[in-house]
S.K.: 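What follows is a single structure, and I will ask about it in a moment.
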Amino acid sequence: MSTLDPADWSALRALGHQMLDDMVDHLATLREGPVWRPMPAPVCEGFTAPIPALGTPPEALYARFQTDIQPYVTGNTHPRFMGWVHGGGNPVSMLAEFLAGAMNANCGGRDHAGIAVERQVIGWAAEMLGMPAQTTGVLLTGSSMANFVAVLCARYKALGQQGRREGVQGAKLTAYASAGVHRCVPGALDMAGLGSDALRRIPVDENFQMDLPALRAAIAADKAAGCAPFLIVGTAGTVDVGAFDDLTALADIAVEEDAWFHVDGAFGALAVLSPALKPATAGIERADSVAFDFHKWAQVTYDAGCVLVRDPAVELATFAQATNYLAAAPRGLAGGAPWPCDLGPDLSRGFRALKVWMTLSAYGTEALGRVVDDTCALAQRLAAAISTSNRLTLLAPVKLNIVCFGVAGFTDAQTENLVADLQEEGLFAPSTTTINGRLAIRAAIVNHRTSADDIDALVAEILRRA
Ligand SMILES: *Cc1c(COP(=O)(O)O)cnc(C)c1O
């Protein structure tokens, strides 16, 4: 017999218990270790060995994990990680990943609890954003894929089944988003065969919101030139500075133009859970589709993106394919259509929904909303410290949880070095971005573990080096 299961499970059980104990300790003592450390060259070289023909006992592999992998991961679980927009994860989600692994359910389709859990998650997401009950959607790796799915739905609405069969055939479809749009949106237009040039980047005003007269002018110019405006993308929380477009106004313009209205709310959509921030998201409930992540502000472990589509018929018509070996049946395990494989690009898919369902259930929307509020309050604390210092300058308004700032008199190279030093010394992990032509230190406070002390320590450390 070539089974991969052990004859005696006791050693594996003991190893599993040890791993669980160690990982709970790991999460409980995160603060004591560095945020990040670069991989030493010998460790890197260890990952260039050829594929093994013979096995290694799992105990030895776990020892290798402890020495060569665990110390050198991204560090986004750490309270002093403030780079990019990374969620911190949560312990319940970690355990759910283990349970999902044990179930090894294929959630591409068929009639089983994995699908029911995912449908509930999609329903909860729609409810959270104020979208109608019939809203469908799927969980995906992240918002990059979710934005792509949304672009394909919009393309379907413009070109119908003919577009699916024959391709875009040079159709001059044009899309609109603010200049602060995430790179995955032009990427999605590229992948959809429309070309990234089909995206018109509309200038932003002083609040980093899409300038509406400029949007109208761009649409009019495109129509005059024989193009067909088919998609307006609003951003709820730009990745640079956390700005929200005026989603209600964009929804109105999309109705006037008969264009698909999509919202990229990768992290910002979760602002709906904060009573104080919710007004900024007004209009999101009118979207034809929304892309957002559970792995950012909602603290689910990577990866967990989500797309919601208001009209279930459009999502199904965009992806469904008739194949004999995948035919749905009225009853039995092949029942329960429509399946997720007909609502998105993936056929085989893991039980990603379990960790989302367990996270939302374990904490509830109120506690997650408090995380949103608290991280924004920390951003305000950081902004206040910057404003009162004569060595630091705020480079963008702080509306949300992202603070972009600079050190007075620093060149871009000095800023880059300062950030890299903080990262390499394992002290803090902010990132950088360019604001109005100047390199900025960017602190994106997303992690539920970050405290006021961490913010104060960041300011003190930067001032010490300035
Ligand atoms: C993070 C982010 C994305 C991409 O999401 P992934 O989950 O990394 O694929 C898209 N848009 C915005 C605004 C983001 O912040």
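First listed ligand is number 1; within each ligand, the first listed atom is number 1. Counting begins at 1 with the first residue of the sequence.
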S.K.: Output the list of atoms in ligand 1 that are nearer than 4.0 Å to some heavy atom of Gly237, sorted by atom number.
M.R.: 13 (C)
S.K.: Heavy-atom contact under 4.0 Å between His295 and ligand 1?
M.R.: yes
S.K.: Are the side chains of Leu458 and Met82 in contact, using a 4.5 Å heavy-atom criterion?
M.R.: yes
S.K.: Asp454 and salt bridge (charged side-chain N to carboxylate O under 4.0 Å, His left out): which single residue from Arg381, Arg31, Arg449 fits?
M.R.: Arg31
S.K.: Which of the numbered atoms in ligand 1 are below 4.0 angstrom from a heavy atom of Ala266?
M.R.: 2 (C), 3 (C), 10 (C), 11 (N), 12 (C), 13 (C), 14 (C), 15 (O)
S.K.: For Val239, take its heavy atoms, then give the atoms of ligand 1 lying under 4.0 Å from any of them.
M.R.: 15 (O)
S.K.: I want to check something: taking the side chain as every heavy atom from C-beta on, are Trp36 and His78 in contact at a cut-off of under 4.5 Å?
M.R.: no
S.K.: Ligand 1 and Thr235, any nitrogen or oxygen pair closer than 3.5 angstrom?
M.R.: no
S.K.: Considering only non-hydrogen protein atoms, determine which one is nearest to atom 9 (O) of ligand 1 and report residue, atom name and distance to 0.1 Å.
M.R.: Ser144 OG, 2.6 Å
S.K.: Output the list of atoms in ligand 1 that are nearer than 4.0 Å to some heavy atom of Gly142, sorted by atom number.
M.R.: 7 (O), 9 (O)
S.K.: Just which atoms of ligand 1 are under 4.0 Å from any heavy atom in His182?
M.R.: 2 (C), 3 (C), 4 (C), 10 (C), 11 (N), 12 (C), 14 (C)
S.K.: With heavy-atom distances below 4.5 Å as the criterion, would you say the side chains of Leu394 and Val398 are in contact?
M.R.: yes
S.K.: Is the shortest heavy-atom distance from the side chain of Gln423 to the side chain of Val35 under 4.5 Å?
M.R.: no
S.K.: Does any non-hydrogen side-chain atom of Leu199 lie less than 4.5 Å from one of Val181?
M.R.: yes
S.K.: Tell me, which protein residue and heavy-atom name are nearest atom 5 (O) of ligand 1, and how many Å apart are they?
M.R.: Ser143 CB, 3.2 Å
S.K.: Which one of Leu231, Asp252, Ile219 satisfies the side-chain contact (heavy atoms from CB on, under 4.5 Å) criterion with Glu257?
M.R.: Ile219
S.K.: Under 4.0 angstrom from ligand 1, any heavy atom of Asp293?
M.R.: yes
S.K.: May I ask you to check whether over 12 heavy atoms, not counting those of Trp357, lie within 6.0 Å of atom CH2?
M.R.: no
S.K.: Has Cys184 got any heavy atom lying under 4.0 angstrom from an atom of ligand 1?
M.R.: yes
S.K.: Do Thr359 and Val356 make a side-chain contact, defined as non-hydrogen atoms from C-beta onward lying under 4.5 Å apart?
M.R.: no
S.K.: Under 4.0 Å from a heavy atom of Phe267: give me the atoms of ligand 1 that qualify, with their elements.
M.R.: 15 (O)
S.K.: Return yes or no for this condition: an N or O of Asp264 is under 3.5 Å from an N or O of ligand 1.
M.R.: yes
S.K.: Checking ring-ring contact (aromatic ring centres under 6.0 Å, His included) between Phe267 and each of Trp297, Phe292, Phe294, Phe244, which is the one that passes?
M.R.: Trp297
S.K.: Any heavy atom of Lys296 closer to ligand 1 than 4.0 angstrom?
M.R.: yes
S.K.: Would one find an N or O of Thr141, backbone or side chain, under 3.5 Å from an N or O of ligand 1?
M.R.: no
